[in-house]
Amino acid sequence: MIGLGYVGVPVAAALADAGIRAVGIDVDEAKVRAVNAGKSPLTGREPDLDALVRRHGEKRLKATTDYGACRTADAVLVAVETPIDEDTKKPNYRALRAVLRSLGPNLKRGALVSIESTIAPGTMERLVKPYLERSSHMRWPRDFLLVHTPERLTAGKLLYNLVNLDRVVGADDPRSLRKAIRLYERIMKGAIHPTNWLTAEIVKTAENTYWDVQLGLANEFALIAEDYGVDAYEVRRLVNTCPQRALLVPGAGVGGHCIPKDPWLLVSGMSSFRPWLIPSAREVNDFMPERMATLAAEALRAAGRALPGARVAILGFAYKENTDDARNSPAIPLIRILRRRGAEVRIHDPYVKRQRGFRVSRKLADVLEGADAAVLVTAHDTYRRADWPALGRRMRRKVFVDGRCLWEKPLRGWVYRGIGRGQF
Ligand SMILES: NC(=O)c1ccc[n+]([C@@H]2O[C@H](COP(=O)([O-])OP(=O)(O)OC[C@H]3O[C@@H](n4cnc5c(N)ncnc54)[C@H](O)[C@@H]3O)[C@@H](O)[C@H]2O)c1
């Protein structure tokens, strides 16, 4: 298993649990050390994952930084990051290329290579296959087998999704397909849907694009509801009483490694026309942190304080509740905007550890001490369970900006604003 991240750790643990000898390879020595010590390197709440890594650590599950471990492997699964370039929105395959370069010379004849990373349509044909042929001095499909089996994991439910969800396997030759099905059947209960490389690439990026566009619509409806002065959540509830409608929940922004970049991967190789809807949805979703900053300024003004110089507590740095995953978190642009506008920002998160450029505290009461506003980005359970009247007494002003509709209605004595909460 190459890449011991949110995908690689549960996959390696599930392989070991199925009786397969699994070796995780990563360039990050801390992750390798953790797995070898029987600990999952992920710190968010991942049901059963810690126990599985502990149970199989040092026996059927090992980790190393050495690609030599691939020499005896019958199957090599690859799940390294595949981000986009911030400016051009084109795929950045630095990690994937590095893997293919290191794997080639160590690839066993007849082995199956399964690319689990999400990749732009055409990448298997144009990048993975030729790169691997060159670095291994072998030919596909004569000397090695190759499939694209994109993942459907999500933080907080990694193992559950891996085992239970259906999965698409893209293969361009029958032997690769047969071997991949035999392998994945050992760790999955969901159905396997075979197709070719290109279709699998499109399906994966399209399913995340679907989600992003739906979120874009929910967020735009929230902005509309705010503008008209009604509750977007009530609008959503009533819209969804109409058959075939399933509006998603709006919020402070869309984050994570996948959803903000997979739409760009999907359209990155198009040549005959420019997509309209997908970039527009991205634009709406990227706007939400800015809307949060505006709501914070409005709420502070209503409480008699200007944003410049105000002390603002950001609650939640992870993009998703009850996880430690802060990749592309909407908290990041929001904090930058608030700081640019002169606010003094402190950050709380119960799960996120270190984050380059940001100091994240785990002490909620300390972060709120003397704050002029609490700005909630992530609906961690910690915030649902918090004693807000008591925390409010520590704050200089009782201002709550709600990016996730955490409060059904404002507490007495508080100034409250929220995404989609046009009625307040
Ligand atoms: N996170 C998810 O829930 C999820 C879901 C579906 C698909 N995916 C896709 O799966 C892929 C991996 O995602 P992730 O969330 O696990 O990423 P991640 O960043 O958590 O993990 C990637 C790991 O790969 C390692 N790595 C990078 N270069 C390497 C190299 N040359 N050799 C060995 N290891 C290397 C990194 O150190 C890191 O530990 C991405 O393409 C992503 O889009 C992720």
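Note that the structure is a prediction, hence the values are computed from the model and not measured. Counting starts at 1 for both ligands and their atoms, following the listed order.
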What are the atoms of ligand 1, with element, lying closer than 4.0 Å to any heavy atom of Ala79? 12 (C), 22 (C)

Quick test of your reading of the structure: of Arg101, Glu81, Glu116, Arg94, whose heavy atom lies closest to atom 22 (C) of ligand 1? Glu81

Output yes when the distance from some N or O of ligand 1 to some N or O of Arg327 is under 3.5 Å, and no in every other case. yes

Pairs of nitrogen or oxygen atoms closer than 3.5 Å, one from Lys261 and one from ligand 1: do any exist? yes

Do Val128 and Val113 have side chains that get closer than 4.5 Å, going by heavy atoms? no

Please write down residue, atom name and distance for the protein heavy atom closest to atom 42 (C) of ligand 1. His257 CD2, 3.3 Å

Does Arg291 come within less than 4.0 Å of Glu226, counting only side-chain N to carboxylate O? yes

Does Cys258 approach ligand 1 within less than 4.0 angstrom via side chain, backbone, both or neither, non-hydrogen atoms only? side chain

Ala98: numbered ligand 1 atoms lying under 4.0 Å from its heavy atoms: 31 (N)

Has the side chain of Gln355 got a donor or acceptor atom that lies under 3.5 Å from a matching backbone atom of Val360? no

Below 4.0 angstrom from a heavy atom of Lys204, which ligand 1 atoms are there? Numbered from 1 as shown, please. 6 (C)

Taking Arg45 first and then Asp381, would you say they form a salt bridge - that is, a charged N and a carboxylate O separated by under 4.0 Å? yes

Need the ligand 1 atom indices (1-based, order shown) with element for anything under 4.0 Å from a heavy-atom of Lys31. 38 (C), 39 (O)

Under 4.0 Å, heavy-atom basis, I'd like to know which part of Tyr93 is in contact with ligand 1: side chain, backbone, both or neither. neither

N/O separation below 3.5 Å, Gly8 to ligand 1: no

Check each heavy atom of Val7 against ligand 1 and say whether those closer than 4.0 Å belong to the side chain, the backbone, both or neither. both

Among Val80, Ile115, Val76, exactly one meets side-chain contact (heavy atoms from CB on, under 4.5 Å) together with Val99. Which residue is that? Val80

State plainly whether the residues Arg60 and Asp17 are in salt-bridge range, i.e. N to O under 4.0 Å. no

Asp143/Arg109 ion pair, N-O < 4.0 Å: yes

Distance only, no hydrogens: is a donor on one side chain within 3.5 Å (strictly under) of an acceptor on the other, for Asn240 and Arg245? no

Students should be able to answer this: which protein heavy-atom is nearest to atom 3 (O) of ligand 1, and at what distance? Leu153 O, 3.2 Å

Taking N or O atoms only and a 3.5 Å limit, does Asp28 qualify as a polar contact for ligand 1? no

Near Tyr67 (heavy-atom distance under 4.0 Å), the atoms of ligand 1 are 30 (C), 31 (N), 32 (N), 33 (C)

Parallel, tilted or perpendicular: which one describes the rings of His380 and Tyr383, with boundaries at 30° and 60°? tilted

Among all protein heavy atoms in this structure, tell me which lies nearest to atom 36 (C) of ligand 1, with the distance rounded to 0.1 Å. Asp26 OD1, 3.5 Å

State plainly whether the residues Arg282 and Asp212 are in salt-bridge range, i.e. N to O under 4.0 Å. yes

Please work out whether any backbone atom (N, CA, C, O) or any side-chain heavy atom from C-beta onward of Ile2 is under 4.0 Å from ligand 1, and answer side chain, backbone, both or neither. side chain

For atom 41 (O) of ligand 1, what is the nearest protein heavy atom, given as residue, atom name and distance? Thr82 OG1, 2.6 Å

Part of Glu151 within contact of ligand 1 (heavy atoms, under 4.0 Å): both

Taking NZ, NE, NH1 and NH2 as the nitrogens, is one of them in Asp402 or Arg421 under 4.0 Å from a carboxylate oxygen of the other? no

Residue and atom name of the nearest protein heavy atom (relative to atom 21 (O) of ligand 1), distance in Å to one decimal: Gly5 CA, 3.2 Å

Which residue from Val99, Leu158, Val80 reaches closest to atom 40 (C) of ligand 1 through any of its heavy atoms? Val80

Note: heavy atom closest to atom 28 (N) of ligand 1, options Gly256, Ala95, Gly156, belongs to Ala95

Quick one: which ligand 1 atoms are inside 4.0 Å of a heavy atom on Leu4? 23 (C), 39 (O)

Does this structure show an ion pair linking Lys89 with Asp85, if we count only N-O contacts that are shorter than 4.0 Å? no

What I want to find out is whether Glu151 reaches Arg167 closely enough, with some N-O distance under 4.0 Å, to be called a salt bridge. yes

So which heavy atom in the protein is nearest atom 7 (C) of ligand 1, and how far is it from that ligand atom? Thr118 OG1, 3.5 Å

Whether Tyr416 and Phe400 hold their rings parallel, tilted or perpendicular, with breakpoints at 30° and 60°: parallel

